[in-house]
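Just below is one structure, and these are the notes that go with it.
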Amino acid sequence: MGWVYVNEISNYDGKEVTLKGWLYNKRSSGKIWFLIFRDGTGFIQCVVSRSDTDEKTFQLYDELGQESSIIVHGIVHQDRRAPGGYEVIVKKIDVVQAVHDYPIALKEHGIDFLMDHRHLWLRSPKQVAILRIRHTVIKACRDFFDSHGFILADTPIFTPTACEGTTTLFETDYFGRKAYLTQSGQLYSEATAAALGKVYCFGPTFRAEKSKTRRHLTEFWMVEPEVAYYDLDDNMKLAEEFVSYVVQTVLKERKKELEVLERDISLLEKVEPPFPRITYSEAVEILKENGIDFEWGNDFGGADETVISNQFEKPVMIHRFPAKVKAFYMKRDPENEELALGVDVLAPEGYGEIIGGGQREENYEILRKRIKEFGLSEEVFKWYLDLRKFGSVPHSGFGMGVERAVAWICGLKHIRETIPFPRTIYRLEP
RNA sequence: UCCGGCGUAGCUCAAUAGGCAGAGCGGGUGGCUGUUAACCACUAGGUUGUAGGUUCGAGUCCUACCGCCGGAGCCA
């Protein structure tokens, strides 16, 4: 029998197979030894005993250290004693590379050491589970929009100026002039939405803010839908359906991985529309009821978000923020000029903001005024203002931080494990 | 940038009140035919982040610097 992967091993009970992968761990009991084999699709115990294998293979115990690359030939065998229910009775092992000094032992390690060895840490079961879930989250995002009539329209990474003029951007030399790495594709998506109706962009995003918290990376991925003729309510409906679809897809397709992560999925199972909707003012009331001294008009901090989201089992949507804490392009509430038609979605369990979005200002003169008020250059936003000059329509959208969503779904304390190679303020390697 | 914490063997951590630098894991050697981060015995492994200072004596106290971690602000 030919090469098979661990995740399809149950189809080969009693058959002879070949597995290609790596040695995860080994245990010896003298005349019998066990190796835990991994190939990227799963882990399986293999049994090497004098009675079933040749002497040369049996002697390999001493040669093979953790993460040696090996090809195992043996017979698949259902056995209750094996983790996973199946094991392989080894007939022969081909050594691709014997390793003796793998740095990551099977025990607890400090985060600094693990991050220095991120390229190897990725091989451990929890990291593999997280990256599989990340894959499913990303695929679910795309499937959702693709099946709802959205067109993927990529937005540029190099931008001539700050999109919102608020955060610090990474500056690069662009053939002698300054260019910045994008902090959001939104403004460009507004242009593609006017061309295609319903669009989304999905790409890396960069923030040079010196944020040092478990919720921040300097490089992260965002998925940002934008829809022409959507108002704030349409937008919120889209957001709750979208988030629910992503969570339910992970629950359906990644049960094993969530078990590896020991994630309590009872709250995730409740993530279905409708989500609770509260106004900013109602959120402020919640804070006051919980004894927090909070002044109307400020933006919520991380601790505030946790208190608010703890009032709900599902993600909560907070809308109608004070306009002055939101970006210049936010449309004002016709019923109260002080409020912006923005919405944030806070994940439960203290995971904080996973989505920010809102309805955009579509009026040419008002938007021009806002650009001035925010001290931005009208020249730079000339193209953006054009969108309000030629067939302007109400439109809305939002952005979801992929890593924050993955951290929440996986139940991770820190966002850095949700991306293969995290970039934080003081870490550029590996 | 600000505030706080940490830095001891390859790794995770101990080390009374300033008084002989230690354990587990990993490595090495030997033992064991059903192990589950296997176990048992033995063994090697150290410029205590760096530079100064206080002291008879500093891993421990003081100063500066470096590195990392967390939080604030900002945000997804």
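Within every chain, numbering begins at 1; the chains are lettered A, B, ... in the order of the sequence lines, protein sequences first and strands thereafter.
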Which part of the nucleic acid, if any, lies within contact of [X], taking any heavy atom under 4.0 Å across all strands shown: a base, the sugar-phosphate backbone alone, or nothing?
X: A:Arg416; value: sugar-phosphate
X: A:Glu87; value: base
X: A:Thr205; value: nothing
X: A:Glu353; value: sugar-phosphate
X: A:Ile415; value: base
X: A:His117; value: nothing
X: A:Arg215; value: base
X: A:Gln66; value: nothing
X: A:Leu217; value: base
X: A:Met400; value: nothing
X: A:Ser29; value: base

Symbol by symbol from the 5' end, with Watson-Crick or G-U pairs under 3.5 Å, [ ] crossing and | another strand, RNA chain B is (((((((..((((.....[..)))).(((((.......))))).....(((((..]....))))))))))))....
Of the nucleotides [options], which has the atom closest to the [X] side chain?
X: A:Lys212; options: B:rC68, B:rG71, B:rU12; value: B:rG71
X: A:Phe113; options: B:rU33, B:rC11, B:rG34; value: B:rC11
X: A:Arg81; options: B:rG34, B:rC68, B:rG73; value: B:rG34
X: A:Glu209; options: B:rC74, B:rC75, B:rG71; value: B:rC74
X: A:Arg207; options: B:rG34, B:rC75, B:rG73; value: B:rC75
X: A:Lys107; options: B:rA76, B:rC32, B:rU12; value: B:rU12
X: A:Asp299; options: B:rG71, B:rC11, B:rC75; value: B:rC75

At what distance, to the nearest 0.5 angstrom, does OH of A:Tyr102 lie from CD of A:Gln66?
->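 The distance works out to 6.5 Å.
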Rounding to a whole Å, what distance do you find between [X]:[atom1] and [N]:[atom2]?
X: A:Asn25; N: B:rC39; atom1: CG; atom2: C1'; value: 13 Å
X: A:Ile318; N: B:rC75; atom1: CD1; atom2: P; value: 14 Å
X: A:Phe242; N: B:rA76; atom1: CZ; atom2: P; value: 15 Å
X: A:Lys26; N: B:rU33; atom1: NZ; atom2: P; value: 17 Å
X: A:Asp101; N: B:rG45; atom1: CG; atom2: C1'; value: 15 Å
X: A:Asp112; N: B:rC6; atom1: CG; atom2: P; value: 16 Å
X: A:Met115; N: B:rC11; atom1: CE; atom2: P; value: 17 Å
X: A:Ile425; N: B:rC75; atom1: CD1; atom2: P; value: 17 Å

Would A:Tyr329 and A:Phe381 count as a close aromatic pair, with their ring centres under 6.0 Å?
->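 Centroid distance A:Tyr329-A:Phe381: not below 6.0 Å, so no.
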Taking the [atom1] atom in each of [N] and [M], what is the distance between them to the nearest angstrom?
N: B:rC11; M: B:rU55; atom1: P; answer: 35 Å
N: B:rU63; M: B:rA72; atom1: C1'; answer: 27 Å
N: B:rG24; M: B:rA58; atom1: C1'; answer: 27 Å
N: B:rU8; M: B:rU48; atom1: P; answer: 11 Å
N: B:rC61; M: B:rG19; atom1: P; answer: 11 Å
N: B:rA17; M: B:rC56; atom1: P; answer: 22 Å
N: B:rU16; M: B:rG53; atom1: P; answer: 26 Å
N: B:rA14; M: B:rG52; atom1: P; answer: 28 Å

Between the side-chain atoms of [X] and the base atoms of [N], is any donor-acceptor pair under 3.5 Å?
X: A:Ser211; N: B:rG73; value: yes
X: A:His216; N: B:rC75; value: yes
X: A:Arg427; N: B:rC69; value: no

Donor-acceptor contact below 3.5 Å, side chain [X] vs main chain [Y]:
X: A:Thr182; Y: A:Thr159; result: no
X: A:Tyr61; Y: A:Leu35; result: no
X: A:Gln45; Y: A:Glu87; result: no

Name the residue closer to the 5' end of RNA chain B, choosing between A:Pro83 and A:Leu114 according to the nucleotide with the nearest heavy atom.
->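 The residue whose closest nucleotide sits nearer the 5' end is A:Leu114.
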Start at the 5' end of RNA chain B and walk down; is the nucleotide closest to A:Arg214 or to A:Arg27 reached first?
->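 Counting from the 5' end, the first nearest nucleotide belongs to A:Arg27.
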Polar contact flag, side-chain donor to acceptor under 3.5 angstrom, [X]-[Y]:
X: A:Thr192; Y: A:Glu226; result: no
X: A:Ser211; Y: A:Thr213; result: no
X: A:Glu417; Y: A:Gln127; result: yes

What side-chain donor-acceptor pairs closer than 3.5 Å can you find for residues 282-297 of chain A, not counting sequence neighbours?
from, atom 1, to, atom 2, distance (Å)
A:Glu282, OE1, A:Thr279, N, 2.8
A:Asn290, ND2, A:Ile286, O, 2.8
A:Trp296, NE1, A:Ser281, OG, 2.9

Pairs involving residues 135-156 of chain A, ordered by first then second residue, that meet ring pair (Phe, Tyr, Trp, His ring centres under 6.0 Å) (sequence neighbours left out) =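 For residues 135-156 of chain A: A:Phe144-A:His148, A:Phe144-A:Phe242, A:Phe144-A:Tyr245, A:Phe145-A:Phe150, A:Phe145-A:Tyr200, A:Phe145-A:Phe242.
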A:Phe220 over B:rA76, stacked by centroid distance under 5.5 Å, angle under 30° =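 Yes, the aromatic ring of A:Phe220 stacks with the base.
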Nearest heavy atoms of A:Ile409 and A:Leu268, plus distance in Å =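 In this case the closest contact between A:Ile409 and A:Leu268 is O-CD1, 3.5 Å.
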